[in-house]
There are 2 protein chains.
Amino acid sequence: MKSEHIPKATIERLAVYLQILGNLGRDGVNIISSDKLAQACKVNPSQIRKDLAYFGEFGVRGVGYYIQELITAIKQSLGIDRHWYCALVGVGNLGRALLRHNEFARRGFIIRGAFDCDQDKIGKVESGLEVICSKRLKTKVRDLGLEIGIITTPPERAQRAADYLVESGIKGIINFAPARIAVPEPIPVEYVDYFHQFYALAFHITLSQHRA
Amino acid sequence: MKSEHIPKATIERLAVYLQILGNLGRDGVNIISSDKLAQACKVNPSQIRKDLAYFGEFGVRGVGYYIQELITAIKQSLGIDRHWYCALVGVGNLGRALLRHNEFARRGFIIRGAFDCDQDKIGKVESGLEVICSKRLKTKVRDLGLEIGIITTPPERAQRAADYLVESGIKGIINFAPARIAVPEPIPVEYVDYFHQFYALAFHITLSQHRA
DNA sequence: TTGATTTTGTTACTTTTTTCACAAATCAGC
DNA sequence: GCTGATTTGTGAAAAAAGTAACAAAATCAA
Ligand SMILES: NC(=O)c1ccc[n+]([C@@H]2O[C@H](COP(=O)([O-])OP(=O)(O)OC[C@H]3O[C@@H](n4cnc5c(N)ncnc54)[C@H](O)[C@@H]3O)[C@@H](O)[C@H]2O)c1
Ligand SMILES: NC(=O)c1ccc[n+]([C@@H]2O[C@H](COP(=O)([O-])OP(=O)(O)OC[C@H]3O[C@@H](n4cnc5c(N)ncnc54)[C@H](O)[C@@H]3O)[C@@H](O)[C@H]2O)c1
C-alpha cells in the first residue's frame, strides 16, 4: 500500500507490536498470525494488518508473519534500524540517570554529548562523557554528528535549551521537562511526562467507581 | 453537556492544558480564551471547548476562562483533586529514583508502600519507607489504603507483580516494565515507556528527511 | 494436480473524532 | 438600558480512524 499520511496511533501501536514480538522471539516463537498478535496486543487483527500495510507487505498469506522478519520490517519503518547520536542538555538528577541507563545504547540511541550551563558541572565526567558548556552545542552537534536533543533541564529553562539545540542544527527533540516548547516548523518534538499516565489512571479508576 | 464516553485523546489533552495553565497561572495570568490557550497547546480552539464540554461548563461567554477555576475544574474532572496512595513493586534503580522524586507527593500521588521479593532488600529503608516482602502486599494494601500499583520490576517479572497487586485488591496499575500484562477486566493499566517517544521521533525525522 | 484450509492485503463500510459555524451569554462604553 | 464587540457551548458537517468482509495467495493432504 505505502501511503502518505500515517496516523499517530499507528506509530504508537508499532512500538507495542515491536515490544511483544521481541518477547515472543525470545521465547522461541518463529511465526505468528495477525490474529494471535492482536490478542497479545489487545487490538483488532485488521488493525494490525492495516498498520503494517502503510509500510509494505511483510506477511505470507495462509501462513502469517515470520517474527524476525517482521521485527526488522517494523524497525525499518520506524527508522530505528540504525544508530542515532543524541545530545543531552541538563546534567541533573534525571540527566545523570539517563546517561547511566545502558538501555539507550542497546536500543540504538547513543548519548554522545552531555551539556550543562552550570560552571560547577562543566568539565566533570559523567558515564564516560565530559560535561560541556551548552554554549558550545553548535560545534559539538556538527563534530559529533548529533541528531536528537534530549532536554532534561528544569521546565523554565526548557525553551532556552530548545533554542540552543535548534540553532545548533539538531533534527529533533525529546523534552522531559514539564513545559511546552516552541521550535521552527520542520523540527519534531516529543514530550515525555509520566504524570500524564498517572492522571489517565486516576481518571479511569474514578470513572469506574462512579459507575459502580 | 456531561457525556458518557470520553476519548482517550481528550484525557491526554486535558493533562497538557493543565500543564500550560499551571505555567500561565504562575506567570500571573488570570484569564485566558480558548483561542489563546489553543495557540499555546497547538490545538484547535473548538477542540478545547469540546474537551471541556464533556465535563461541564467552566467558561464565561464573552470573557474566557478564569485560569485558577479552570485548573480546579480539570483536576476534578480527571480525579486528581485528591490524594492517591500508591504501592511501588520492585525497589531497583528505577524504583529508588521514583521513591526519591518529590514531585509524586507534590502532585498527589503518595507512595506509601515499597515492595520487593529480594531478601537482601527487604527490611532496608528507602526514602523513609521500609521495603516489604511482596508476599505481604494484600495486608498492606488494605491497611495503608493503597489504590494504585506501580510496577518497576524487570519485564519478565511484571506479570507476577501484576498478579500480586490484583489479588491484593489494587484499583489500577502503572507499568514501567517494557512488557504487556494481563489483568481482569475492570482494572485499568497504563504503560510508561519513553522509548515509544524516541521511536516516534526517529520516525518523524526519517520521514522529513525522506521528503527532502 | 486438485480441492480444502488458512491467513494475508485491501476495499467497502461503520464509528469516532475533529472542525466549522453560529446562537446564546457577557461585558464595556455610552 | 441599549449597542457592539467578544467568546463560549453545541449541533451539524467533515475528516479520520477503526472494523468487517472477502478475493488473492500460500500450504498441505490426497
Ligand atoms: N528527577 C526526576 O526523576 C524527574 C522525572 C521526570 C521529569 N523530570 C524533569 O526533568 C527535569 C530535570 O529534573 P532534575 O531532577 O534532573 O533537575 P536538576 O535540577 O537536578 O537538573 C537540571 C540541570 O539542568 C541544568 N540546566 C539548567 N538550565 C540549563 C540550560 N539552559 N542549559 C543547560 N543546562 C541547564 C542545571 O544546571 C542542572 O544541572 C525537570 O524539568 C524535571 O521536572 C525529573
Ligand atoms: N533504570 C531505568 O532508568 C529504567 C528506565 C525505564 C524503564 N525501566 C524499567 O524498569 C524496570 C526496573 O528497572 P531497574 O533498572 O530498576 O531494574 P533493577 O533490576 O534495578 O530492579 C528491579 C527490582 O525488582 C525486584 N523484583 C523482581 N521481581 C520482583 C517481584 N516479583 N516482586 C517484587 N519485586 C521484584 C528486584 O528484586 C529488583 O530490586 C525494568 O523493567 C526496566 O526495563 C528502567
Distance check: side-chain N/O of [X] vs OP1/OP2 of [N], anything under 4.0 Å?
X       : N      : answer
A:Ser34 : C:dT8  : yes
B:Tyr65 : C:dT26 : no
B:Arg13 : C:dT18 : yes
B:Gln47 : C:dT19 : yes

Toward the 5' end of DNA chain D, by each residue's nearest nucleotide, A:Gly62 or A:Ser46: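 On the 5' side of the pair lies A:Ser46.
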How long is the line joining [atom1] of [X] and [atom2] of [N], in whole Å?
X       : N      : atom1 : atom2 : value
A:Arg61 : C:dT7  : CZ    : C1'   : 9 Å
A:Leu37 : C:dG9  : CG    : C1'   : 16 Å
B:Leu52 : D:dT10 : CG    : P     : 11 Å
B:Asp51 : C:dT16 : CG    : C1'   : 14 Å
A:Asp35 : C:dG9  : CG    : P     : 14 Å
A:Asn44 : D:dT19 : CG    : C1'   : 5 Å
B:Tyr54 : D:dG11 : OH    : C1'   : 13 Å
B:Arg49 : C:dC22 : CZ    : C1'   : 11 Å

Selected nucleotide, minimal atom distance to A:Ser33 side chain, candidates D:dA26, D:dG18, C:dT8: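 Ranking D:dA26, D:dG18, C:dT8 by closest atom to the A:Ser33 side chain puts C:dT8 first.
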Any N/O donor-acceptor pair, B:Lys50 side-chain to C:dT19 base, under 3.5 Å: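 Under the 3.5 Å cut-off, the side chain and the base do form a donor-acceptor pair.
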Distance under 6.0 Å and angle within 45° of ring axis: B:Arg136 vs B:Phe115: no
Distance (rounded to the nearest 0.5 Å) between A:Leu18 CG and A:Arg13 CZ: 14.5 Å
Rounded distance (nearest 0.5 Å) linking atom CD1 of B:Ile74 with atom CG of B:Leu52: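 CG of B:Leu52 is found 5.5 Å from CD1 of B:Ile74.
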Aromatic ring pairing B:Phe55/A:Phe203, orientation class (parallel under 30°, perpendicular over 60°, tilted between):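 Ring orientation of B:Phe55 relative to A:Phe203: perpendicular.
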Heavy-atom closest pair, residues B:Asp35 and B:Pro45: OD1-CG, 3.4 Å
